[in-house]
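Here is the structure we will look at.
Worth knowing before you read on, the calculation uses all heavy atoms, side chains too, and leaves out hydrogens, waters and symmetry mates. Lettering follows sequence order; numbering is per chain, from 1.
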Amino acid sequence: MGTFLDLAAANLLSPIVLSFALGLAAALARSDLSVPEAAAKALSLYLLFAIGFKGGAGVAAHGLDATLLLALGAGVVLSAGLPFIAFALLRGMTRLDTVNAGAVAGHYGSISIVTFVAASSVLTSRGMEPEGFMVAVAAIMEAPAILAALWLVMRRGGTGRVETGLWREILLNGSIVLLLGAFVIGWVTGPAGLAEIDSFIVAPFKGVLCLFLLDMGLIAGRNLRACRSVMTPGLLAFGLVMPVVGSLAGLIAGLVLGLSAGGVVLMMTLAASASYIAVPAAMRVALPEANPSIYLTLSLGITFPFNLTLGIPLYLAAARLATGG
Amino acid sequence: MGTFLDLAAANLLSPIVLSFALGLAAALARSDLSVPEAAAKALSLYLLFAIGFKGGAGVAAHGLDATLLLALGAGVVLSAGLPFIAFALLRGMTRLDTVNAGAVAGHYGSISIVTFVAASSVLTSRGMEPEGFMVAVAAIMEAPAILAALWLVMRRGGTGRVETGLWREILLNGSIVLLLGAFVIGWVTGPAGLAEIDSFIVAPFKGVLCLFLLDMGLIAGRNLRACRSVMTPGLLAFGLVMPVVGSLAGLIAGLVLGLSAGGVVLMMTLAASASYIAVPAAMRVALPEANPSIYLTLSLGITFPFNLTLGIPLYLAAARLATGG
Amino acid sequence: MGTFLDLAAANLLSPIVLSFALGLAAALARSDLSVPEAAAKALSLYLLFAIGFKGGAGVAAHGLDATLLLALGAGVVLSAGLPFIAFALLRGMTRLDTVNAGAVAGHYGSISIVTFVAASSVLTSRGMEPEGFMVAVAAIMEAPAILAALWLVMRRGGTGRVETGLWREILLNGSIVLLLGAFVIGWVTGPAGLAEIDSFIVAPFKGVLCLFLLDMGLIAGRNLRACRSVMTPGLLAFGLVMPVVGSLAGLIAGLVLGLSAGGVVLMMTLAASASYIAVPAAMRVALPEANPSIYLTLSLGITFPFNLTLGIPLYLAAARLATGG
Amino acid sequence: MRTHAAKRVEIIIEAPMERRLRAALHEAGVTGYTVLPVLGGSGRSGSWSREGQVGPAGGMVAVVCILRAERLDALLEATFSVVERHIGVVTIGDCEVLRAERF
Amino acid sequence: MRTHAAKRVEIIIEAPMERRLRAALHEAGVTGYTVLPVLGGSGRSGSWSREGQVGPAGGMVAVVCILRAERLDALLEATFSVVERHIGVVTIGDCEVLRAERF
Amino acid sequence: MRTHAAKRVEIIIEAPMERRLRAALHEAGVTGYTVLPVLGGSGRSGSWSREGQVGPAGGMVAVVCILRAERLDALLEATFSVVERHIGVVTIGDCEVLRAERF
Ligand SMILES: Nc1ncnc2c1ncn2[C@@H]1O[C@H](COP(=O)(O)O)[C@@H](O)[C@H]1O
Ligand SMILES: Nc1ncnc2c1ncn2[C@@H]1O[C@H](COP(=O)(O)O)[C@@H](O)[C@H]1O
Ligand SMILES: Nc1ncnc2c1ncn2[C@@H]1O[C@H](COP(=O)(O)O)[C@@H](O)[C@H]1O
Ligand code: NA
Ligand code: NA
Ligand code: NA
């Protein structure tokens, strides 16, 4: 417990989390501080490119074995399985109807790449280099959850529509393509390639992450202000409980796979985090009747801040305990 | 005098000032060179974050005493007081009516954060580290001048409107919030936090400033081209005299407070500079009858270039003479 | 030949070329990956500023002689002469009418600054520092080709319109002004100025170039998808043959001038590359009847990728052979 | 396809006044509108373009509002209270709408 | 100068549906339209602005389509099939066009 | 609230021609207009979107101009001289304006 409190305190006082808190506070106080959309998108392209490239270069450096395939498989299972747990919890803890519960559940099977990036950055600071291929696991976890969610809704007579073209949009969405593409580039060019561009993708990484999280705080805060009305105690509780439940599933998967302590933390973080980009876009198309305020507020306004502040140190402490690492 | 000439020559030939000159020349020659609005805003977010953070980390490193509070007080007095001087000068030197004179006066009590950043960067190059808390002084000087300007106008029967909501907008405007927020983050995380992100906020700082000043030059040049017609010799003279008058007030304040030579330079620079972001926005709402061409051209087209090129070396020479530093 | 294959293999597996390939593949697969317009423009401002500044600082370091003037003259001759060769080839190899052939020819006399930047970056990696003034040669080669193209069209009764104002637009277009301006700043401030900002313009340069080329790949791919219909085997052949022909002209010019091996490579690259920014904008105004799909697809979709992947190593191998460097 | 008559109001207004216009519309019970960005323009106070701007003070936005004719006066009054002393252009046109129950 | 009567249709629609609307218009033979960005707005589902958005899911775009009256129904049907279950506002107005041969 | 009849002209034109259109309008004495950004579109020369563009050559802008009916012809003539050989769509609609003294 001492470990967790120490880790949490260190995490809460890091520039990264404080930048997020600054954005959150500014938005709640109705400051007009804002990051232009194009700049925020550019920052996220940078983060995806950098984290993907470094993951690939890591794989090139340390070689690859069957664990990669197993980890990818575990990712698919987690992504497709967690929506069922989430759906059950939602039906128990809240009064959401099928369509909304299904839509929310899909978000929790999928992942938040920024949470993944933040966890990676904490691991790097602590010298707990995770397996490079976890980047690929992150990418593969984006989509299966959407399928699971639509299945959950349609099974109960909902009219989710999986239109031609939606699958391409989901599987080839920009984030996945950039993350995996940069991963492959990093893998192909290896440590030599990394050395060529590391003063771009390694040195300034944490600072860029600060600015990006400032914007995430602004967005989360504006979202919370606009969507207060949809928040119920049940939903709030779900938004805090579900990541912990998910992280347990991730912990089990990580231990079974025999990942390093860092890898276990990332697996827990992926399972614990909820999507707020790819899945919402897919849900607007496939389940237009679901209320975006509910799923966005839960994943962006509740779960994301929780993971960033308390979740990551919690998963770190748990993974250390469990792996003895 | 030799010192000033040397300093001025060195300053005029620095990449920073030359980048500004390039932008100015390009705009005057009607080149279509332009920095996208979103990119310019992103650069300014970077500069505010970096300068705030470094200021806070500086306070964490060197400790804090009563001087901070006194400096803040001096900032408020300067910001609220300088508009009266500016107003009197304007009524003497130009034929502006009350509303326009009041609007202009408000700009000169407030500050230009980019001028502050440029001065800080010159100080850093010369090893004259200023007090970190000067960042907080800069932030506190933005708003009082607006109040003073509106009071000046209303006292004379003008219809300045200080509407509900305008105060929140002024006090919580994005620049202030980010500058102060980053200052607090830098303070809380201290030198350790700075070490984590210094390859983002320290190393590339001057280069980013060059690009930003390129854009400032473009904007100032376009503004000068568009607003030639409102410029009179009287206004021009005011735009050059007022910063020098302001800097004297800043010099006195800095000496009375016992600031370091670097701190005195920054106090002079703040007093000498004129706002072109926060105050114009407030004036559009509170004094819509005032002509924006006048106050924008003065602060952006005359005073800003003056401070950047000749003002800063002048204040540097004066502060050295006065502090013996 | 072995050299060329080695060089080509190394080039094809560099992060820069792979980033371009990623963008191309993503666009062809219809992913929604995209770089916001403002971010892409900001990246290009950065690249122009950095390459111009470094060129100028190089001139300051190594001094200057008559070669600069001769190289500028050679640039003008190449830019004005190559459109005639291109026009003749187009009339022989394709069925384009006068207006379209003239418009395309103009693109091939002018240059692609990104190809120039990519070649410079390869040279730097291999320690083949080119003459700094090649940046000025690049700038001077943008415009003469336009004049030549319009002359070609009008001579044959076409109605190209060289309106008042178009010349200013062409000569003062943003890229030229920034490139030359930064060159002058680099020259004036010299190695000392470069030292002040090198952690901004040198260290992260290659990484920024990767992101920029990712976007170029996306744009080239989208362009190819949209404009398949205008591509004929003849046009395709022209898009591959013309750069090689151009590079030979550049090789001769470089050898006659006695440039360093690196300088020869850049002269070849400039002659081989085709414009896709300045010239298309001018053609829309002066030759609105010409079909933009044809000239954009040729220069952006065919010649640019060719130069980036195979062209540059080819020119490198040839220049080494020819200069014995 | 069945359509219904409505009014289309377009308000071009300084960016610093957007928040106030939104609030005034809200108070007047007008809750449906869309805000579009503006790149530049020209008017009695001269010509401007986004490139020459620093900060939000100089920019403008366009607000498009579709509503039933009987609510037009409430909207115009609310709008006028905001643009009165300010730069701004207000135009009203006729249109037909699909899905009239929304308005 | 000679002008010709035409219809001006304005469709405000969620960004993730833009591709689908374009496809539906194409199928209906409507190949002339222009897409404008939207900064924010307000409607029954509340007020939003681009600043509070993350990802493309929340934004909207405005599609303007000029066409001859006789093709209006084909366009409305195509549009309706896309906006039916989705957020969106469709307005139709009268206008005159220069160079009528284009439409 | 009192309103006055006016014309609303909308010109969609290639970005490289914007400066020329502005100049032509100015010469024709039309000094009031607003320029809006355009994200993409479709026409006889195919479909495009801002994402696939490099440089300003391919983009378009929309110019909205409110003016009194008697000045319409001057505007159309000025516009036509610019769009004549170029891509571009020009529509004219009726509208009412507040504060007619501005036009
Ligand atoms: N007649 C008009 N038609 C369209 N927009 C206009 C018109 N007059 C003014 N505007 C817009 O309103 C802004 C301010 O106009 P003004 O107050 O006349 O300078 C201009 O920059 C234009 O964007
Ligand atoms: N009456 C209206 N006039 C203009 N735009 C509207 C109107 N109603 C809705 N909108 C736009 O459509 C979006 C969604 O509307 P709604 O589905 O009613 O929440 C809003 O955010 C506005 O951008
Ligand atoms: N009927 C139309 N309605 C609205 N915009 C159009 C129409 N036709 C063309 N446009 C716009 O004008 C551009 C060029 O059209 P075109 O010259 O027909 O290829 C298109 O990309 C659209 O943005
Ligand atoms: Na998850
Ligand atoms: Na001041
Ligand atoms: Na060439």
Side-chain angles (χ1 to χ4, degrees), chain E residues 1-39 50 56 59-69 71-72 75 78-79 91-103, chain F residues 6-15 21 24 28 34-53 58-66 69-96:
Chain E
M1 198 153 277
R2 265 201 72 190
T3 59
H4 302 260
K7 293 286 179 183
R8 179 184 186 277
V9 182
E10 194 174 73
I11 306 162
I12 299 172
I13 195 174
E14 293 171 282
M17 300 306 292
E18 180 192 334
R19 202 182 57 69
R20 287 164 181 82
L21 178 62
R22 280 181 175 236
L25 291 179
H26 196 80
E27 262 179 42
V30 179
T31 54
Y33 54 83
T34 296
V35 185
L36 308 180
V38 168
L39 279 186
R50 199 153 277 292
M60 305 195 84
V61 296
V63 177
V64 173
C65 180
I66 317 294
L67 79 179
R68 268 182 274 145
R71 313 199 38 207
L72 183 61
L75 174 138
T79 304
T91 63
I92 305 113
D94 289 315
C95 68
E96 299 280 316
V97 292
L98 276 191
R99 309 203 281 180
E101 69 285 359
R102 298 179 56 95
F103 299 92
Chain F
K7 293 286 178 183
R8 178 182 188 279
V9 182
E10 194 173 75
I11 306 162
I12 299 172
I13 195 174
E14 294 171 281
L21 178 62
T34 296
V35 186
L36 308 179
V38 167
L39 280 186
S42 167
R44 291 172 311 171
S45 52
S47 164
W48 66 279
S49 107
R50 199 153 276 293
E51 278 166 16
Q53 303 297 309
M60 305 195 83
V61 296
V63 177
V64 173
C65 180
I66 316 293
E70 55 264 37
R71 312 198 40 207
L72 183 60
D73 263 337
L75 174 136
L76 291 184
E77 233 122 272
T79 304
F80 192 70
S81 75
V82 175
V83 298
E84 197 187 354
R85 293 168 67 216
H86 285 270
I87 284 178
V89 175
V90 183
T91 63
I92 305 113
D94 289 315
C95 68
E96 300 278 315

### Toward chain F, the part of E:L36 with a non-hydrogen atom under 4.5 Å
both
### Task
Could you have a look at F:D94, F:L72, F:V83 and say which one has the most heavy-atom pairs with chain E under 4.5 angstrom?
F:V83
### Message
Is E:V30 close to chain F through its backbone or its side chain, or both, or neither, when contacts mean heavy atoms under 4.5 Å?
### Response
neither
### Query
Do you know the tightest heavy-atom contact between E:R99 and F:H86?
NH2-O, 3.2 Å
#### Entry: F:V89 and E:I66: CA distance, side-chain angles, deciding distance, side chain to side chain contact (heavy atoms under 4.5 Å, CB included) verdict
CA-CA 9 Å; F:V89 175; E:I66 317 294; 4.1 Å; yes
### Task
Select one option (side chain, backbone, both, neither) describing which atoms of E:T3 are under 4.5 Å from chain F's heavy atoms.
side chain
### Option that, when pairs with chain F are counted at under 4.5 Å, heavy atom only, ranks first among E:L25, E:V97, E:T31
E:T31
### Query
Taking F:V90, F:I92, F:V38 one by one, which has the highest count of heavy-atom pairs under 4.5 Å against chain E?
F:I92
### Task
Verify the distance criterion only: is there a donor paired with an acceptor across the side chains of F:S42 and E:R22 at less than 3.5 Å?
no
### Task
May I ask you to check whether over 12 heavy atoms, not counting those of E:H4, lie within 6.0 Å of atom NE2?
yes
### Query
Any idea which heavy atoms bring E:P37 and F:P37 closest together, and the distance?
CD-O, 3.3 Å
### Task
With a 4.5 angstrom heavy-atom cut-off, could you sort out which part of F:L76 is near chain E: side chain, backbone, both or neither?
both
### Task
Against chain F, label E:V63 side chain, backbone, both or neither, depending on which of its atoms sit under 4.5 Å from a heavy atom there.
neither
